[in-house]
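Everything on this sheet refers to the single structure shown next.
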Amino acid sequence: MTVLELSRYTIGDLDRISADGADAPVLPMRHDGGLVLLGPVFGGGDGVGDGVCLRCAEDARLATLGRSVPRRDERMRLGGLCSPALKPLLDVLVERVLADPDAYRDVVLAVRTDLATVGEHRVRPRSGGCPVCGPLPEDSPDAATVVRTPVPVVPGTLRGANPLTDGDAVREALFDLRHGPVGGIFRIGDLPLAAVTAEIVPDNQTGQAGFGRTGDYAEAERVALFEAVERHAGMRPRRVTTVLESSYAELGSRALDPPRLGLPDNESPHTVEYHPDVRTRWVHGWSYTNARPIAVPEHVAYWAMGHDAGPRFVDETSNGCGTGNSLTEAVLYGMFEIAERDAFLTAWYERKRLPHLVVRDGFVRHLVDRMAQLGYDLEFYDATNDLGVPSVLSLARYTGRAELAPRAFFAASAGLDPDAAMRSAAAEVAVDVESAARQYRSRPGDHDRERLRKMLATPELIRTMEDHVTVNGLPEAAGRYDFLVPATPVDPVVPDVPRDDLDALLEHYVRKWAALDLEVIAVDQTDPVWRARLGLHSAKVIVPGTVPMSFGELNRRTHGIPRLRPVGPPLPHPFP
């Protein structure tokens, strides 16, 4: 093995080195200011797909430094010189790699020259594919085909077994300050529950994060990291490359007819007016209802696709994204989220009188008590509808005397365990209540009463998720939710469904929804790296005919959904 030392180089140089390869293993040693970076080893293997290339490793490192770094600019120059005093340390590290070069084909050793400390970082091919070390296949109907098999559950859970995620494996695989993809894990210590944020290294877009809100920090961190995987997978294609650009008129029955999704009620600046002849990009999903591949618009399957991906007919959110230990599990949890949002929005737009639920869980009782100290009654309602997935709507209703306090906060959750759904809905709404005062201090303009009253009178001014929440917290908006009336609490209904086989459970709901003329479609969003390293799969579930979650009243989609029968003009929802 040879050592390739780079003390002055450009991004373009790394591209050429990665593409050229080598007949024998090569250890690159790069200098960048106060850092010396050894690895990953390349060359002397089977060629394409052998380890991680130098360019991908550097792209991940530079991404953690922020969007202001032009890491895709081939002319960007890096370099430096290391103190001779560190030569013995570098020699020892080189000897370690020489002893087992194959173990360092996806590893970078980072030496801080100011402290003489060494960090080991496992890297991955660039998300979205790399022609050198991570080429992706082209999307096709065959690539979307699903072969279904039984998926046994771990007793006492609704998850399949996965030893790859045991212990600290998820944290070790995802959290890396120097290379990401999760660049920061933060605990929020001033809440009445354990809350953790797992921040995803930005990929030329607004920063995203996974969130965990549970009864203890260890579990909250795991939830946040799993959600980070889900959000990372759902933003843009990472499993296949998109090659199909066409119109619905050309694709016909091979594709999902976009009006079935519910097109925007208003003229939106984020979308184009749909016409069957408008060409856009499509990816293939699998219709679980009809057992066949089906093309769906790429901007529906991936919620962070920009206008560079072609015309958009709807402004899609992450609604229906799920992650699990199998594709079946990911699809099932995506369906649960579809059911949650559909139940909430159906209740809101139709002003349904919902059963008031009894609180049975100790953690929920704790949050009820904490909200009471802050002047809020925490109420829970059974929003379960014809989809048959237990769904809980939570409402924190202000009963105190502070004039400026928001009058209401809402949240929701769904799943086969109603108590678990209630815990989730309680945690979501409690965080919003606790955070309100902090947000008022840090962003007073967002909470200006006159600004909010204008939005109340002119809903088209509502543009963000925060606007939906703050407008409906005005005292003047109380009439919007007066259909939610506390009554004698009742126990939630637990459905009689298969619970020992996730595929059987999935089929149960596929057939139940088919009887409502609802087709279950899923796009496999699985990132091949997380599937290989952690056994995790991700999916986007699309169910035309359910009520889609949208933010910004110009993006609202309530027309063209036969199941939905709003009472009066649809009022802006308060979903957070």
Any side-chain heavy atom of R463 sitting closer than 4.5 Å to one from L554? yes

A side-chain contact here means heavy atoms from C-beta on lying under 4.5 Å apart; do L78 and Y9 qualify? yes

Could you tell me whether R231 sits above the aromatic face of F211, with NZ or CZ closer than 6.0 angstrom to the six-membered ring centre and within 45 degrees of the axis? no

Would you kindly say whether E5 and H31 are connected by a side-chain donor-acceptor distance under 3.5 Å? yes

Cut-off 3.5 Å, side chains only: do S268 and N555 have a donor facing an acceptor? yes

Is [X] reaching over with its side chain to a backbone N or O of [Y], donor-acceptor style, under 3.5 angstrom?
X    : Y    : answer
Q525 : A301 : yes
H121 : L109 : no
R178 : E120 : no
T526 : S538 : yes
Y302 : A233 : no
T145 : P141 : yes
T280 : P311 : yes
R341 : G320 : no
D15  : R55  : no
T113 : G34  : yes

Which pair of heavy atoms, one from [X] and one from [Y], lies closest together, and at what distance?
X    : Y    : value
G285 : V523 : CA-CG2, 4.0 Å
L14  : R30  : CD2-CD, 4.1 Å
A194 : G215 : CB-C, 4.1 Å
D446 : T470 : O-OG1, 4.3 Å
A425 : S394 : O-OG, 2.9 Å
R61  : L35  : NH1-CD1, 3.6 Å

If the test is side chain to side chain contact (heavy atoms under 4.5 Å, CB included), which one of V36, L38, L86, L98 qualifies with L93? L38

Testing I11, L62, D59 for side chain to side chain contact (heavy atoms under 4.5 Å, CB included) with R72, which one passes? D59

Whether R533 and D106 form a salt bridge (side-chain N of Lys/Arg under 4.0 Å from carboxylate O of Asp/Glu) is what I want to check. yes

Should the pair R370-E434 be classified as a salt bridge under the 4.0 Å nitrogen-to-oxygen rule? yes

Measure up the Y333 and F336 rings against each other and bin them: parallel (under 30°), tilted (30 to 60°), perpendicular (over 60°). perpendicular

Would you please classify the geometry between the F551 ring and the H468 ring as parallel, tilted or perpendicular, with 30° and 60° separating the classes? perpendicular

Check: F313 ring centre within less than 6.0 Å of H299 ring centre: yes

Verdict with supporting geometry, V41 and D102, side chain to side chain contact (heavy atoms under 4.5 Å, CB included): CA-CA 7 Å; V41 171; D102 286 342; 6.0 Å; no

